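Since this is a predicted model, take the numbers as computed values, not measurements. Per chain, numbering begins at 1; letters A, B, ... match sequence-line order.
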Number of protein chains: 2
Amino acid sequence: MPSKAAEDYLKHIFLLHQRAQEDLVPMGDLAESMGVVPGTATSMVKKLNAARLVNYEAYSGVKLTAKGRRIALQVLRRHRIIETLLVKTFGLDWSEVHDEAEQLEHTISDRLLERIDVFLGHPTTDPHGDPIPSAQGQLPKSSPRRLSDCSQGEKVTICRIVDQDQDFLRFIEQHGLKPGSQVQIDVIDEAGDSIRILPERKKPLIMGSHAARKLLVESSG
Amino acid sequence: MPSKAAEDYLKHIFLLHQRAQEDLVPMGDLAESMGVVPGTATSMVKKLNAARLVNYEAYSGVKLTAKGRRIALQVLRRHRIIETLLVKTFGLDWSEVHDEAEQLEHTISDRLLERIDVFLGHPTTDPHGDPIPSAQGQLPKSSPRRLSDCSQGEKVTICRIVDQDQDFLRFIEQHGLKPGSQVQIDVIDEAGDSIRILPERKKPLIMGSHAARKLLVESSG
DNA sequence: GAAAATATTTTGACTCGTCAAAATATAGAG
DNA sequence: CTCTATATTTTGACGAGTCAAAATATTTTC
């Protein structure tokens with residue numbers, strides 16, 4: 001039974017690995033993601049390594065073992081089901097549920113979680129569009145692209161926001177964007193490092209390419 | 001901001017005080033209720049005392065300050081609203097939600113709690129029949145008696161089960177009893193220290209007077 | 001009212017997760 | 001290939017909450 005903190009490290013390692021496509025997650029990235037000082041990450045990872053939840057190579061990085069991955073996916077499942085509950089059932093705003101879910105994901109029992117899952121009708125994605133792993137730890141596959149990789153004129157559907165930063169979420173939301181929103185790529189300004197998009201029935205907006213990397217999209221129709 | 005543990009101590013002090021009707025709660029009772037060794041309770045209570053959440057007299061006991069009481073009632077509110085949610089909305093059994101709520105009561109934000117309260121339609125009692133303090137910390141008054149204090153032949157309605165012990169709750173439930181159940185006092189056996197009651201449409205059951213003290217009732221009709 | 005039983009507090013130690021800062025390893029620039 | 005910059009690990013410390021066991025206070029019993 002890993003502690004809450006251990007669960008959290010496993011989850012962060014999983015997500016960083018997924019985002020970066022690198023085999024090993026560097027300690028620095030993990031520490032930053034966890035909001036701790038690097039030394040703290042090292043000492044925790046050494047414990048996880050001793051518990052055979054990760055494979056850790058000093059000075060190169062860390063990756064999950066099969067067992068660690070299983071736990072990470074369970075935590076992710078909790079997190080995303082809880083977020084769905086908070087938004088769908090209790091009407092909280094999808095841009096503000098992350099921190100709450102972060103806490104609850106380590107508190108709710110398996111028994112209750114499955115009841116909530118039933119109550120929600122076995123949702124497959126959370127309010128950010130992120131896929132919910134199954135109870136058996138299967139992660140539905142999808143192949144979205146970054147908004148920043150799209151070409152001018154393309155019409156796409158936003159499917160995920162790959163960032164939990166409050167300010168960014170608020171920015172996105174204030175422009176009426178959410179998973180499912182259709183947008184057209186209006187102008188790509190290479191020199192200005194920005195992209196202009198046209199949401200349906202909303203004002204056009206311009207964002208930097210760095211921000212555009214955080215929006216995952218699929219071709220619409 | 002008291003820690004989770006501190007909140008828990010305050011809640012236990014409140015409940016013990018309420019049940020025992022004594023001015024001061026003895027350290028031993030508190031330690032037992034919290035499931036810790038007596039020395040642990042002492043050291044925690046000293047911290048609470050320093051934070052002016054309790055008044056602590058060495059070797060005699062502890063009681064809540066106004067501030068401590070306010071927090072205790074908030075925690076109790078959380079606890080009971082959460083229990084109500086788990087039973088009413090997610091269909092968990094009312095005899096098994098206590099431990100889960102015990103965890104969640106320290107995890108859920110005020111914001112979410114109020115949303116849940118609205119979702120549930122501002123309930124005034126939890127599934128055990130315990131009153132839910134208002135958001136302002138007002139505890140609805142009621143004047144129930146103990147089942148053990150009733151007289152033979154009386155017809156009463158169970159309104160509260162004053163005990164969170166798993167086995168006792170299961171025992172009660174297996175006989176089809178819950179808050180709202182009507183029962184008639186069949187036989188009071190002074191010598192045998194037991195009481196025999198007749199639930200509606202159920203088999204009669206016999207319980208010791210000690211158990212009967214844990215059931216609070218009101219005269220029916 | 002003294003001795004025995006019980007309750008409470010004190011002391012010292014432990015685990016967990018953390019930080020600050022020193023030590024060390026690796027990567028990059030010239 | 002060496003020197004500097006950056007990343008990582010080590011070390012020593014801390015606060016929270018706990019326990020075990022010794023010390024002390026209170027209550028009960030005779």
Closest-nucleotide 5' rank along DNA chain C - winner of B:D29 and A:S43
B:D29
Can you check the A:M44 CE to C:dC19 P distance for me, whole Å?
13 Å
Identify whether the distance between the nearest side-chain nitrogen and carboxylate oxygen of A:K11 and A:E102 falls below 4.0 Å.
yes
d(NZ, A:K46; P, C:dT15) in whole Å
17 Å
Return the residues of residues 2-10 of chain A meeting this criterion: a heavy atom under 4.0 Å from some atom of DNA chain C. Order them by number, or give none.
A:S3, A:A5, A:Y9
What is the distance, to the nearest angstrom, from the OH atom on A:Y56 to the C1' atom on D:dT10?
10 Å
Nearest-Å distance for atom pair CD/C1', residues A:E32 and C:dC19:
17 Å
Has B:E96 got more than 12 heavy atoms of other residues, nucleotides or ligands less than 6.0 Å from its CD?
yes
For B:D117, is there an ion pair with B:R77 - N to carboxylate O distance below 4.0 angstrom?
yes
For B:G39, report the nucleic acid contact type (base, sugar-phosphate, nothing); a contact means any heavy atom under 4.0 Å.
base
Taking everything shown except B:K67 itself, do over 12 heavy atoms lie less than 6.0 Å from its NZ?
no
Using the side-chain heavy atoms of B:V37, tell me which of these nucleotides is nearest: C:dT9, C:dG17, D:dA20.
D:dA20
Select base, sugar-phosphate, or nothing to describe what A:A58 touches, counting heavy atoms under 4.0 Å on all strands.
sugar-phosphate
B:E57 CD to D:dT26 P, in whole Å, measures 11 Å
Using a 6.0 Å distance limit plus a 45 degree cone around the ring axis, check whether B:K46 lies over the aromatic ring of B:Y56.
no
Examine C:dC19: is either OP1 or OP2 under 4.0 Å from a nitrogen or oxygen in the side chain of A:T40? Give yes or no.
yes
Could you state the interatomic distance from OH (B:Y9) to CG (B:L53), rounded to the nearest 0.5 Å?
14.0 Å
I'd like to know if A:D23 pairs up with A:K63 as an ion pair, taking the criterion as any Lys NZ or Arg NE/NH1/NH2 lying under 4.0 Å from an Asp or Glu carboxylate oxygen.
yes
Any A:K47 side-chain nitrogen or oxygen under 4.0 Å from OP1 or OP2 of C:dT15
no
Identify each atom pair where a protein N or O and an N or O of nucleotides 22-24 of chain D are less than 3.5 Å apart, giving names and distance.
none

Find the distance B:M34:CE to D:dC19:C1' and express it as a whole number of Å.
15 Å
